[in-house]
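Report on the structure given below.
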Amino acid sequence: MAQTTKLIFWGVRGSTPTLERDTWRYGGNTPCLELTAPDGARFILDCGTGLRMLGNEWLKARHDAGIEARVLVTHYHWDHIQGIPFFHPFFDARNRFHFYSFQSQDLGPNSLRQVLEAQLAKPYFPIDVSTMSAEREFHEIAGGEKWEVKGTKVTAAWLNHPQGCLGYRLDTAAGSVVYATDNEPGAAEFDANLRQLASGADVLIYDAQYSPEQLSSTRKGWGHSSWLEGTKIARQVKARNLILFHHDPDSPDQKVDQFLSAARQEFPATWAATEGMSITLSERGVDVALRGSRIGQRRRLRFTAVVSGQSEDGQTFQEKATVRDLSLQGAYLCLKSRPRLQSEVRVVIEAAGDKDRSSMLSLRGTVIHCDPGREQSQNGVGVVFIEEPDQSLPTD
Ligand SMILES: [Zn+2]
Ligand SMILES: [Zn+2]
């Protein structure tokens with residue numbers, strides 16, 4: 001059987017969860033990633049609010065024999081621990097968790113255990129930590145440490161962040177993933193740590209909270225980084241893919257779009273972390289997929305539209321395509337071109353009204369899905385529209 005490693009993003013937002021409608025496309029939950037190694041070993045990277053959804057997913061999958069997982073916590077800021085009380089598998093005695101984190105200068109020995117006890121305590125939470133019935137084991141680690149979990153090598157490195165933060169590298173049998181969030185560049189020792197940690201990584205997940213301008217002015221010293229810094233590191237260490245992560249709570253989707261497209265000019269294999277995004281690593285390389293967005297009523301149809309955008313090889317295209325379904329949120333198109341995931345497309349639909357009128361609908365969208373060959377020599381392309389159509393009024 002083919003060896004694959006699967007990584008799923010359950011939370012990608014930095015600092016605090018967001019609910020504003022203009023942050024829905026990338027997502028509002030704070031950091032939490034799930035990695036499953038080829039031998040089945042499970043890892044959770046950070047316990048932000050995204051952790052709740054992962055727990056619900058495991059509940060649905062009914063792991064009757066119990067689950068064993070390694071939980072790697074980068075640091076103790078709220079956005080990285082806030083999901084802990086809401087993760088159902090922690091309250092099931094059949095499950096077993098191995099926690100890894102560092103000794104905080106403020107908390108002393110058993111830092112993570114203390115964090116759990118403080119979080120699940122009056123008056124902050126209605127029940128206390130004794131109800132957390134899963135078996136728990138705590139490992140205190142530090143930057144520079146390496147250990148093995150079945151067939152996966154884990155490495156930790158200190159990053160530059162207020163009160164400390166660890167970056168993690170997981171070398172699995174199907175490829176390597178580096179999770180380096182909450183890091184500010186510019187301190188030689190930490191810059192060197194990060195480059196060593198990320199060297200040759202198949203997937204580098206990196207803090208891209210601010211614009212380069214913010215990072216050098218108003219947000220200097222806040223402990224975060226920018227897309228530009230991410231692209232520099234990715235190039236220097238010869239990473240194969242860069243994932244912009246820890247989006248600012250005040251960055252609407254269109255701001256993240258701008259960061260992504262600017263980053264792609266510097267380092268083409270860049271993606272913006274999106275809630276529900278999954279990355280599969282195998283001998284065929286790295287495959288990125290986004291969760292389908294299926295909000296709103298869909299209407300099955302078949303009509304033509306002119307679609308323009310950028311294909312996977314970086315060329316621009318324009319072609320007549322078949323629209324297969326449409327809602328006000330998005331559309332499913334059949335195209336000969338293979339537009340790039342997370343790239344912008346324009347869909348222009350011309351509908352003949354009565355003889356003397358025609359209406360034109362021009363919609364800007366972003367590609368969230370592309371599957372080859374559903375129809376012969378055509379690609380099935382999912383698009384989410386990203387702003388209100390500006391030319392939706394009938395043109396007389
Ligand atoms: Zn954070
Ligand atoms: Zn932090």
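FYI, the numbering just counts along the sequence from 1. Order of appearance sets the numbers: ligands from 1, and atoms from 1 within every ligand. Everything numeric here is computed off the predicted structure, so don't read it as measured data.
Cation-pi geometry between Arg52 and Trp10 is not met: the NZ or CZ atom fails to fall both under 6.0 Å from the ring centre and inside 45° of the normal.
Counting heavy-atom neighbours within 6.0 Å of Lys150 NZ, excluding the residue itself, gives a total above 12.
Looking only at N/O/S atoms, Asp182 comes nearest to the Zn ion (ligand 1) through OD2. Per residue His80, closest N, O or S atom to the Zn ion (ligand 1): atom name NE2.
Distance check for Asp79 against the Zn ion (ligand 1): an N/O/S atom falls below 2.8 Å. Among the atoms of His77, an N, O or S atom falls under 2.8 Å of the Zn ion (ligand 2). Look at His75 and the Zn ion (ligand 1): no N/O/S atom of the residue is under 2.8 Å from the metal. Inclusion of Cys165 in the first shell of the Zn ion (ligand 2) is not supported: no N, O or S atom falls under 2.8 Å.
Under the 4.5 Å side-chain criterion, counting only non-hydrogen atoms from C-beta, Asp79 is not in contact with Thr16.
Distance alone, capped at 3.5 Å, is enough to place a donor-acceptor pair between the Ser101 side chain and the Val73 backbone.
Ring pair Phe99/Phe138 is parallel by interplanar angle, where below 30° counts as parallel and above 60° as perpendicular.
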